[in-house]
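Remarks on the structure that follows.
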Amino acid sequence: MNTNPPAPLFARVALLGIGLIGSSLARAMRARPGLAGEIVANARTEATLARVRELGIVDRTETDPAAAVAGADLVILCAPVGTYESLAAAIAPHLAPGAIVSDVGSTKRSVIRDVGPHIPAGVHLVPAHPLAGTEHSGPDAGFAELFDGRWAILTPPAGTDDLAVARVRSFWEGCGAMVETMDADHHDRVLAIVSHLPHLIAFTICGTADDLADESRGQVLKFAASGFRDFTRIAASDPVMWRDIFLNNKDALLEMLARFTEDAQAMARAVRWGDAGYIEDKVERGRAIRRSLIELNQA
Ligand code: NAP
């Protein structure tokens, strides 16, 4: 009788970037042994790699991304999306034949644009985006359950090898996520409205509050519980990550912002002219959306 444990889904997984998302993946792989035989991590700074070694969440760290990907059958870019082009150029010659290159970036057309051209023949690009996160950054912020019951969206370019897509799907399911596949264009439009625009509004409203005269600014912080506080949580996110997201989803974000601005103007008009029915209707629609989220377990 063969008593050897079954081979893991991937023999060696290389994580390029190990902050909130990368370290959560490392922890999720550790918690479910069938996913990765060996986990290798790379980051921009030695300080992060030293912390990752202290945490004991990977098997090996490498300061050079090329060394990190050597011999890996799954490479996941987990750094801000603005770094992907240079990371892809650095690792391309060192990718193992048959390897899968994936990522966790919040914008997907940019990944195909920036990473796609560097992928050698025989290597598969399967971009991915877990819809899970917090406003915290760095390897201490991650946790193994981050992806449990959350969506992971795969956006393989047309013609991508089916088996490579299926393996990435199994990987995310193994990490606890529900998986959906869609076109990168569609992903970027959906994410512009559900994530990128809300962040843009949160950063802007915090800026507006901060620009108020000194005495009003003090009152804003004192009485923040009445709505403003929820914006400050979103606005606490990492500036580099969000700079890169806005710049790499420019078209969809500007389109959604234009629509939002029109709707905000319509609300302003209703307030100015005392159109109580319009205002009530909009608030009721907001409540209905919240109720649906709770029913879908995504609240
Ligand atoms: P994070 O906690 O700030 O960590 C970023 C990691 O990337 C750090 O380990 C950093 O290294 C590394 N890094 C930065 N530049 C690098 C480079 N040139 N080469 C190699 N590594 C580099 O960020 P995160 O929240 O995990 O986000 C990572 C990715 O996930 C982003 O693309 C983001 O769009 C996506 N994402 C984030 C969320 C979220 O809620 N946070 C959700 C879904 C997807 P150092 O520590 O050494 O600087």
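Counting convention: from 1, in listed order, for ligands and their atoms alike. Positions are given from 1 along the sequence. None of the values given here were measured: they were computed from a predicted structure.
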### Task
State, with a plain yes or no, whether a side-chain heavy atom of N42 is found less than 4.5 Å away from one of D64.
no
### Summary
Residue, atom and distance of the protein heavy atom nearest atom 26 (O) of ligand 1 read I21 N, 2.8 Å
### Message
To check your reading of the model: name the closest protein heavy atom to atom 14 (C) of ligand 1, its residue, and the distance in Å.
### Response
P80 CD, 3.6 Å
### Summary
Interatomic distance, CG@D114 vs CZ@R109, rounded to 0.5 Å, equals 11.5 Å
### Task
Just need the protein heavy atom nearest to atom 48 (O) of ligand 1, so name the residue and atom and give the distance.
R44 NH2, 2.6 Å
### Query
Out of curiosity, does F246 fall in the hydrophobic cluster containing I193 (side-chain heavy atoms, cut-off under 4.5 Å, transitive links)?
yes
#### Entry: Electrostatic pair R30-D59, nearest N-O below 4.0 angstrom
yes
### Message
Show the atoms of ligand 1 that are less than 4.0 angstrom away from any heavy atom in Y84.
### Response
32 (O)
### Message
G138 versus ligand 1: do any nitrogen or oxygen atoms come within less than 3.5 Å of each other?
### Response
yes
#### Entry: Numbering as shown, the atoms of ligand 1 that approach G105 to under 4.0 Å (heavy-atom distance)
32 (O)
### Message
Same cluster or not: L74 versus V52, using hydrophobic residues (I, L, V, M, F, W, Y) connected whenever any side-chain heavy atoms lie under 4.5 Å apart?
### Response
yes
### Message
Among all the protein's non-hydrogen atoms, which is closest to atom 4 (O) of ligand 1, and how far away is it?
### Response
G19 CA, 3.2 Å
### From the candidates S106, G133, P130, the one that places a heavy atom nearest atom 36 (N) of ligand 1
S106
### Test log, rule salt bridge (Lys or Arg N to Asp or Glu O under 4.0 Å), inputs E62 and R12
CA-CA 14 Å; E62 290 287 352; R12 184 182 294 169; over 6 Å; no
### Query
What about F143 and I76, same hydrophobic cluster or not, with Ile/Leu/Val/Met/Phe/Trp/Tyr joined at side-chain heavy-atom distances under 4.5 Å?
yes
### Message
Minimum heavy-atom separation for L146 and I21, please, with both atom names.
### Response
CD2-CD1, 4.0 Å
### Message
Using a 3.5 Å cut-off on N or O atoms only, is L20 in polar contact with ligand 1?
### Response
yes
### Query
Which residue owns the protein heavy atom closest to atom 45 (P) of ligand 1, what's the atom, and how far is it?
T48 OG1, 3.4 Å
### Task
From the options A47, P239, S137, A79, select the one whose nearest heavy atom is closest to atom 29 (C) of ligand 1.
A79
### Task
Please work out whether any backbone atom (N, CA, C, O) or any side-chain heavy atom from C-beta onward of M241 is under 4.0 Å from ligand 1, and answer side chain, backbone, both or neither.
side chain
### Task
Determine the interplanar angle of the H199 and W242 rings, folded into 0 to 90°, and report it as parallel if under 30°, tilted if 30 to 60°, perpendicular if over 60°.
parallel
### Task
Would you mind running through ligand 1 and noting each atom that sits below 4.0 Å from a heavy atom of A43?
9 (O), 11 (O), 20 (C), 21 (N), 47 (O)
### Query
Going hydrophobic residue to hydrophobic residue with side-chain gaps under 4.5 angstrom, can you get from I201 over to I234?
no
### Query
Do G22 and ligand 1 have an N or O pair less than 3.5 Å apart?
no
### Nitrogen or oxygen of H129 less than 3.5 angstrom from that of ligand 1
no
### Query
At a 4.0 Å cut-off, with the gap strictly under it, does some heavy atom of A132 reach an atom of ligand 1?
yes
### Summary
Under 4.0 Å from one or more heavy atoms of V81, ligand 1 contributes atoms 32 (O)
### Query
Would you say D238 and ligand 1 have an N/O pair spaced under 3.5 Å apart?
no
### Query
N/O of T83 under 3.5 Å from N/O of ligand 1, yes or no?
no
### Message
With rounding to the nearest 0.5 angstrom, report the NE2 to OG distance, H118 to S86.
### Response
8.5 Å
### Message
Any nitrogen or oxygen of I18, side chain or backbone, less than 3.5 Å from one on ligand 1?
### Response
yes
### Query
Is ligand 1 under 4.0 Å from a heavy atom in the side chain of T134, in the backbone, in both, or in neither?
backbone
### Task
Using a 4.0 Å heavy-atom cut-off, say whether C78 meets ligand 1 through its side chain, its backbone, both or neither.
backbone
### Task
Give a yes-or-no answer on whether the side chains of R44 and T48 include a donor-acceptor pair shorter than 3.5 Å.
no
### Query
What do the steps show when you test I294 against R291 for side chain to side chain contact (heavy atoms under 4.5 Å, CB included), and what is the final call?
CA-CA 5 Å; I294 293 170; R291 277 197 298 271; 5.7 Å; no
### Query
Can K108 and D183 be said to form a side chain to side chain contact (heavy atoms under 4.5 Å, CB included), step by step?
CA-CA 9 Å; K108 297 274 56 94; D183 171 75; over 6 Å; no
### Task
Look only at interatomic distance and state if N42 has a nitrogen or oxygen under 3.5 Å from any nitrogen or oxygen of ligand 1.
no
### Query
Taking side chain as C-beta onward, heavy atoms only, is T63 less than 4.5 Å from E46?
yes
### Query
Using heavy atoms and a threshold below 4.0 Å, how should the contact between F147 and ligand 1 be classified: side chain, backbone, both, or neither?
neither
### Query
Is the closest side-chain donor-acceptor distance between N249 and R189 under 3.5 Å?
no
### Task
Return the residue, atom name and 0.1 Å-rounded distance of the protein heavy atom closest to atom 19 (N) of ligand 1.
L87 CD2, 3.6 Å
### Message
For atom 12 (C) of ligand 1, what is the closest protein heavy atom, and at what distance to 0.1 Å?
### Response
G17 CA, 3.7 Å
### Query
Is ligand 1 under 4.0 Å from a heavy atom in the side chain of V104, in the backbone, in both, or in neither?
both
